[in-house]
Amino acid sequence: MKLVTGVIQPHRLDEVKQALGAVGVRGMTVSEASGYGRQHGHTEVYRGAEYTVDLVPKVRVEVLVDDEDVSLISGALVKAAQTGRIGDGKVWTVPVEDVVRVRTGERGTSAL
Amino acid sequence: MLDTGVTSWMLTSASLVLLMTPGLALFYGGMTRSKSVLNMMMMSFGAMGVIGVVYVLWGWSMSYGSQSIGGVFANPFEQFGLNGTILDDAGEYVLDGNLPVIVDVGFQVTFAMITTALISGALAERVKFGTWLVFSGVWATLAYFPMAHMVWGGGLLGGDGPFASIAAPIDFAGGTVVHINAGVAALVLALVVGKRRGFGREPGRPHNLPFVMLGAALLWFGWFGFNAGSAYGADGIAGLAWVNTTTAAAAAILGWLVVEKLRDGHATSLGAASGIVAGLVAITPAAGSVSPVGAIILGIVAGALCALAVSLKFRFGYDDSLDVVGVHLVGGLVGTVLIGFLATDTGLFYGGGVDQLIVQVLIAVAAVVFSAVVTLVIALVLKATMGWRVTDAAETSGIDAAVHAETAYETLGTGRGGFAGIPAVNQDSVATEVKA
């Protein structure tokens with residue numbers, strides 16, 4: 001099992017949800033995040049005074065997936081999140097040792 | 001004889017002007033950081049509380065009483081508590097022309113409230129609320145009421161004063177009394193009180209620009225009472241003032257945004273909201289004496305100059321936090337002086353010669369000097385006695401929580417506790433305690 005995590009532009013969330021649903025994903029965790037990458041935030045101007053905003057609002061999408069589905073699901077996530085502009089975010093995958101469905105006590109892939 | 005049309009318009013105008021101060025609270029509150037918004041809004045509401053009381057006690061008497069003392073202010077005790085201004089000996093409401101005097105009191109108290117509240121924009125996020133309340137009452141007494149008397153109450157800067165031998169000074173609705181007065185006070189206080197911690201280094205960007213735009217819209221709406229109400233009639237001059245007010249504000253939006261686009265590359269919402277206020281400020285003294293085309297010129301000039309002026313605080317290093325100086329002092333000066341060019345009967349552009357211009361400059365300078373001296377004395381006395389600043393810790397962690405024991409917004413996790421002393425583990429038991 002793997003955990004696929006995407007930190008994406010907030011305005012791409014709807015597209016990502018649809019794309020993941022289309023490849024069979026039935027559950028996900030979405031949370032607000034903030035941070036910066038190579039572009040280091042952006043500049044805003046208030047009455048002529050410039051402010052550098054380092055931490056940019058992002059959305060984190062986390063999906064637990066079976067090993068064989070990783071490339072399909074992370075590929076769908078990347079494609080749906082992509083705008084081609086700076087700040088599109090990152091998607092990474094890490095191994096997961098075990099998963100338990102709290103309601104039933106099922107473990108492993110049957111709990112996905 | 002009572003004119004019900006005029007009376008109803010003046011009551012409406014008073015209500016409109018009253019709305020300006022809560023509108024100002026939104027305008028200012030949106031421009032502060034989220035940890036300071038309640039304190040910022042409370043300075044406007046606190047000023048309403050203090051001025052509403054002192055005005056009926058001695059403010060009206062000092063401004064419009066008949067016993068003028070040197071043309072600077074009137075005897076505060078003559079009509080203390082509005083004594084003698086409501087009913088006459090026959091039990092009839094006292095009239096001034098066709099208007100009950102008590103209606104005029106209602107109209108004028110709203111001017112004193114907004115003027116005092118305007119100053120608070122220079123003091124965002126760092127001053128003791130108690131000192132602000134005391135300042136409000138003392139400043140209104142020593143600066144606002146005398147200025148109202150000097151300009152509108154038959155004193156030194158009005159049609160009966162020494163400058164009137166050159167030409168009659170024009171301040172239709174408060175260029176000197178309201179905006180120059182408040183703008184100078186703001187500059188003096190910003191210098192005496194000092195900068196916010198981190199001013200010029202840490203971002204102090206506005207936390208809620210929709211508040212700012214809503215506040216600007218309410219100010220614009222209330223300004224109809226301010227300017228069209230100052231016609232003291234439901235008539236053509238009121239209509240002219242209404243149209244000029246709108247025209248100047250509209251033109252000032254454009255003036256401000258053009259400067260922003262050329263200077264910064266973006267036309268911003270804060271710029272549009274600020275342009276509205278700059279135009280409204282500038283047209284205030286001129287609303288009854290310029291043409292709508294003159295109002296457009298006045299608005300564009302005010303919008304552009306105020307947009308340039310707000311960056312002066314960074315150049316000179318004074319923390320006029322929300323640009324009271326850049327908008328109200330500069331806008332008030334623009335409006336007061338441009339009357340000398342644009343007044344349709346006496347202005348330089350209309351063949352009236354330089355007399356009006358000279359008089360307008362003289363009353364503007366007199367207002368600046370008077371307000372600066374009086375405010376400086378009050379500010380220094382309060383600094384030595386009550387003190388102006390909250391502690392560094394309170395300022396850093398947020399003045400709302402430190403001074404008012406409140407926060408404006410529930411941010412992640414901060415709203416979860418129970419009542420003080422009652423563990424919030426069992427919500428049923430909390431509810432029982434509350435019911436009991």
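A, B, ... follow the sequence lines: proteins, then strands. Residue 1 opens every chain. A quick note: this is a predicted structure, and the numbers were derived from the prediction, not measured.
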With only heavy atoms counted, which part of A:E32 is less than 4.5 Å from chain B, the side chain, the backbone, both or neither? neither
Hey, could you give me the CD/CG distance between A:E50 and B:D264, rounded to the nearest 0.5 Å? 7.0 Å
Counting heavy atoms not belonging to B:F314, are there more than 12 under 6.0 Å from its CZ? yes
When you compare the side chains of B:S311 and A:R47, does any donor N or O come within less than 3.5 Å of an acceptor on the partner? no
Against chain A, label B:L209 side chain, backbone, both or neither, depending on which of its atoms sit under 4.5 Å from a heavy atom there. side chain
Distance, nearest 0.5 Å, that separates OG of B:S274 from OH of A:Y46: 12.5 Å
Is atom CG of B:L262 surrounded by more than 12 heavy atoms (other residues, nucleotides or ligands) closer than 6.0 Å? yes
Under 3.5 Å, sequence neighbours excluded: what are the donor-acceptor pairs made by side chains of residues 247-256 of chain B?
from	atom 1	to	atom 2	distance (Å)
B:T247	OG1	B:V243	O	2.6
B:W256	NE1	B:E260	OE2	3.4

When rounded to the nearest 0.5 angstrom, what distance separates OH in A:Y51 from CZ in B:R205? 9.5 Å
Give a yes or no on this: more than 12 heavy atoms of other residues, nucleotides or ligands lie within 6.0 Å of atom NZ of B:K195. no
